[in-house]
Amino acid sequence: MDKLTVAQARLESAIGKIVLLQGWVRTRRDSKGGFSFLELNDGSCQGNVQVIAEAALPNYESEVKKLHTGCSVSVEGLVKASPAKGQATEVPATKITVHGWADADAYPIQKKGATFEFLRTISHLRPRTNTFGAIARVRNCVCKSIHDFFQEQGFLYVHTPIITASDCEGAGELFKVTTLDLAKAPLLPSPPGGEGSGVRGIDFHQDFFAKPAFLTVSGQLQAEIFACALGKVYTFGPTFRAENSNTPRHLAEFWMIEPEMAFYDLDDNMSLAEAFIKRIIKDALDRCPDDMKFFQERIDKEILARLDGILKSDFLRVPYTEAIDILQKSGQAFEFPVKWGMDLQTEHERFLTETHFKKPTILFDYPRAIKPFYMRVNDDGKTVRAMDVLVPGVGEIIGGSQREERFDVLEGNMKEKGLNLAHYQWYLDLRRYGTVPHSGFGLGLERTLLFLTGMANIRDVIPFPRTPGNAEF
RNA sequence: UCCCCGAUAGCUCAAUGGUAGAGCGAGCGGCUGUUAACCGCUAGGUUCUAGGUUCGAGUCCUAGUCGGGGAGCCA
């Protein structure tokens with residue numbers, strides 16, 4: 001007897017085998033003939049195996065007829081071709097063992113219509129639904145695809161720290177990491193001048209790391225250290241933002257991929273980003289065809305056409321200045337008027353990629369004033385070698401840049417932005433000793449999944465979403 | 001954080017200020033291979049919480065909690 005997954009048992013090649021199947025009952029249908037059909041799922045694929053439970057089974061009346069959604073069972077039987085439509089194989093059971101009941105009155109998941117909002121309140125049970133099973137499998141596929149893509153090209157996977165003492169680049173609010181008892185936090189001595197002359201801050205010298213520490217908002221600066229030693233590297237790990245954002249596109253804890261490459265200029269960076277996105281799409285379509293078909297049929301009727309369109313098109317590369325020109329001449333009534341020097345709003349980005357160009361678009365050479373200190377300054381002195389990759393349906397999916405490799409220019413940028421140079425000497429050392437032109441970008445895993453699956457809310461493409469006011473499960 | 005909307009049976013939703021309902025799910029019965037099976041019957045409610053207006057509140061008012069959409073921030 002072979003122990004098969006549901007995915008294996010659904011294949012015609014399984015016909016003739018005596019098998020053991022184990023999983024959860026999705027539905028039971030009683031036939032007019034006095035026997036029952038069980039739909040069995042074990043998470044190995046989107047589809048179920050149809051199990052035939054004859055009345056002759058010793059526990060037919062006592063147990064089988066009481067099975068319903070959520071019960072766990074083992075089934076033994078001979079796989080045969082199914083005479084009816086809907087499945088290639090089916091398994092007439094010779095034995096059915098019930099492992100766990102699921103009280104139908106209390107079990108919250110049923111055959112029909114639950115909203116994603118409701119399922120979010122039962123995150124411990126929602127992986128048992130079609131949609132969340134499909135998301136889990138596609139998410140897994142994307143993660144493998146990311147590693148495959150970089151490993152095949154000789155990138156090194158680098159683990160950058162999750163706890164960091166550098167409030168790098170001011171990329172959003174940080175979560176503080178401390179072992180201090182906040183109710184009894186040690187205070188700094190009163191400043192000179194006596195009582196009331198100043199604020200008595202918390203004395204972080206007495207904290208675990210002897211200084212304020214945070215959860216990382218980006219592994220980029222540390223990735224640069226390794227790129228400037230080993231060539232091509234990437235990070236892939238959790239990232240934290242303490243921003244009070246309540247939107248379908250933001251999480252307090254999410255996963256980010258950040259490649260960083262020595263001797264790559266911005267054009268190389270763009271080419272890599274384009275190939276990377278296409279590879280993820282292609283792998284998802286090739287390796288998860290049933291799940292992708294499910295998203296097409298049940299979640300977003302245009303998802304396959306949109307992904308196919310992205311695979312077939314060359315990404316446009318448009319300078320920021322030209323994009324501003326296009327927006328100003330578009331005749332569109334934007335809520336935020338367009339003028340050179342401003343950061344583009346969501347409405348502008350979506351107009352460009354969805355209405356005007358109708359294809360993935362990479363905008364580059366943004367105004368220096370609205371971008372971080374580490375981006376390479378162009379010869380015009382007004383713009384930097386930044387890039388944003390915009391895709392129809394989602395908007396910005398990648399942000400990246402060529403990094404400033406010239407010591408003097410970088411130091412000047414840091415002073416201009418008011419950074420404390422003492423905290424960044426190690427970063428400046430990368431330019432002080434053997435500096436190289438280099439580039440990189442960041443891609444949010446969950447945003448990628450949104451655009452891949454057509455799901456509308458980022459809280460539904462991560463197993464356990466963390467958002468303001470919610471850290472359940 | 002700001003603006004708008006919502007909360008009624010296990011789930012999805014109805015209900016002019018006047019007796020709280022339906023579909024699905026569940027239980028029981030029926031039906032000779034079903035595919036979100038089908039047919040009949042039954043059970044199932046602190047209408048989010050706390051106040052208020054009213055003869056009377058699911059419905060109107062105030063505050064709060066939770067959720068959704070949009071904006072900002074960003075990935």
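We name chains A, B, ... by the order of the sequence lines, and we start the count at 1 in each one.
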How far, in whole Å, is [M] from [N] if one measures between their [atom1] atoms?
{"N": "B:G45", "M": "B:C3", "atom1": "C1'", "value": "34 Å"}
{"N": "B:G51", "M": "B:G67", "atom1": "C1'", "value": "23 Å"}
{"N": "B:U46", "M": "B:A57", "atom1": "C1'", "value": "15 Å"}
{"N": "B:G64", "M": "B:C2", "atom1": "P", "value": "11 Å"}
{"N": "B:A36", "M": "B:A75", "atom1": "C1'", "value": "38 Å"}
{"N": "B:C66", "M": "B:G27", "atom1": "P", "value": "36 Å"}
{"N": "B:A9", "M": "B:G29", "atom1": "P", "value": "29 Å"}
{"N": "B:C31", "M": "B:A37", "atom1": "C1'", "value": "11 Å"}

Contacts of type side chain to side chain contact (heavy atoms under 4.5 Å, CB included), residue A:Arg10, not counting sequence neighbours =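 So A:Arg10 forms a side chain to side chain contact (heavy atoms under 4.5 Å, CB included) with A:Val6, A:Cys45, A:Val49.
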What's the closest nucleotide to the A:Asn470 side chain, out of B:C74, B:G68, B:G67?
->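 Ranking B:C74, B:G68, B:G67 by closest atom to the A:Asn470 side chain puts B:G67 first.
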Candidate nucleotides B:A75, B:C73, B:G10, ranked by approach to the side chain of A:Gln110 - the nearest =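 Side chain of A:Gln110 sits closest to B:G10.
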Distance check needed: [N] [atom2] versus [X] [atom1], whole Å only.
{"X": "A:Gln345", "N": "B:C74", "atom1": "CD", "atom2": "C1'", "value": "12 Å"}
{"X": "A:Glu173", "N": "B:C74", "atom1": "CD", "atom2": "P", "value": "11 Å"}
{"X": "A:Gln220", "N": "B:C74", "atom1": "CD", "atom2": "P", "value": "14 Å"}
{"X": "A:Glu335", "N": "B:C2", "atom1": "CD", "atom2": "P", "value": "18 Å"}
{"X": "A:Ile277", "N": "B:A75", "atom1": "CD1", "atom2": "C1'", "value": "12 Å"}
{"X": "A:Ile458", "N": "B:C73", "atom1": "CD1", "atom2": "P", "value": "17 Å"}
{"X": "A:Arg120", "N": "B:G69", "atom1": "CZ", "atom2": "C1'", "value": "12 Å"}
{"X": "A:Asn246", "N": "B:C74", "atom1": "CG", "atom2": "C1'", "value": "14 Å"}

For [X], which contact category applies under a 4.0 Å heavy-atom criterion: base, sugar-phosphate, or nothing?
{"X": "A:Arg298", "answer": "nothing"}
{"X": "A:Leu251", "answer": "base"}
{"X": "A:Phe336", "answer": "sugar-phosphate"}

Looking at [X], I'd like to know whether one of its side-chain N or O atoms comes within less than 4.0 Å of OP1 or OP2 on [N].
{"X": "A:Asn457", "N": "B:G69", "answer": "yes"}
{"X": "A:His68", "N": "B:G27", "answer": "yes"}
{"X": "A:Thr115", "N": "B:G68", "answer": "no"}

State which residues pass salt bridge (Lys or Arg N to Asp or Glu O under 4.0 Å) with [X]; sequence neighbours excluded, sorted by chain then number.
{"X": "A:Glu258", "answer": "none"}
{"X": "A:Asp30", "answer": "A:Arg28"}
{"X": "A:Glu253", "answer": "none"}
{"X": "A:Asp343", "answer": "none"}

One should report the stems of RNA chain B, each a stretch of at least three consecutive Watson-Crick or G-U pairs at distances under 3.5 Å, as B:1-7 with B:65-71, B:10-13 with B:21-24, B:26-30 with B:38-42, B:48-52 with B:60-64
Do the side chain of A:Ser245 and the base of B:C73 come within less than 3.5 angstrom through a donor-acceptor pair of N or O atoms?
->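 Indeed there is one.
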Whether over 12 other heavy atoms sit under 6.0 Å from A:Ile370 CD1 =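 Enclosed.
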Heavy-atom neighbours of A:Lys359 NZ exceed 12 at 6.0 Å |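 More than 12 heavy atoms, drawn from other residues, nucleotides or ligands, come within 6.0 Å of this atom.
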Just grab all the side chain to side chain donor-acceptor pair (under 3.5 Å) pairs involving residues 11-22 of chain A, residues at least two apart or on different chains.
->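 Found A:Lys3-A:Gln22, A:Gln22-A:Ser74.
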Output every pair passing side chain to side chain donor-acceptor pair (under 3.5 Å) with a member in residues 48-60 of chain A, not counting sequence neighbours, ordered by first then second residue.
-> A:Arg29-A:Gln50, A:Ser36-A:Tyr60, A:Glu39-A:Asn48, A:Asn41-A:Asn48, A:Gln50-A:Glu90, A:Asn59-A:Glu63
N/O donor-acceptor pairs under 3.5 Å from side chains in residues 270-280 of chain A, not counting sequence neighbours:
{"residue": "A:Ser271", "atom": "OG", "partner": "A:Asp267", "partner atom": "O", "Å": "3.1"}
{"residue": "A:Ser271", "atom": "OG", "partner": "A:Arg317", "partner atom": "NH2", "Å": "3.0"}
{"residue": "A:Glu274", "atom": "OE2", "partner": "A:Lys278", "partner atom": "NZ", "Å": "2.8"}
{"residue": "A:Glu274", "atom": "OE2", "partner": "A:Phe315", "partner atom": "N", "Å": "3.2"}
{"residue": "A:Lys278", "atom": "NZ", "partner": "A:Ser313", "partner atom": "O", "Å": "2.9"}
{"residue": "A:Arg279", "atom": "NE", "partner": "A:Asp283", "partner atom": "OD1", "Å": "3.3"}
{"residue": "A:Arg279", "atom": "NE", "partner": "A:Asp283", "partner atom": "OD2", "Å": "2.7"}
{"residue": "A:Arg279", "atom": "NH1", "partner": "A:Glu152", "partner atom": "OE1", "Å": "3.0"}
{"residue": "A:Arg279", "atom": "NH2", "partner": "A:Glu152", "partner atom": "OE2", "Å": "3.2"}

Near RNA chain B, which residues from residues 354-367 of chain A have a heavy atom under 4.0 Å away?
-> none
Relative to the 5' end of RNA chain B, which residue comes earlier, A:Phe118 or A:Lys66, by the nucleotide with the nearest heavy atom?
-> A:Phe118
A:Arg403 pairs by side-chain contact (heavy atoms from CB on, under 4.5 Å) with which of A:Arg385, A:Gln220, A:Arg376?
->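 Exactly one pass, corresponding to A:Gln220.
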Inter- and intrachain pairs under ring-ring contact (aromatic ring centres under 6.0 Å, His included), touching residues 90-123 of chain A, at least two apart |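 For residues 90-123 of chain A: A:Phe116-A:Phe132.
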Quick one: what's the B/S/- string for nucleotides 30-37 of chain B, heavy-atom cutoff under 4.0 Å, read 5' to 3'?
-> -BSBBBBB
Run the ring-centre check on A:Phe236 versus A:Phe150 and record whether the distance is less than 6.0 Å.
-> no
Salt bridge between A:Asp290 and A:Arg137, side-chain N to carboxylate O under 4.0 Å?
->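 So A:Asp290 does not pair with A:Arg137 through a salt bridge.
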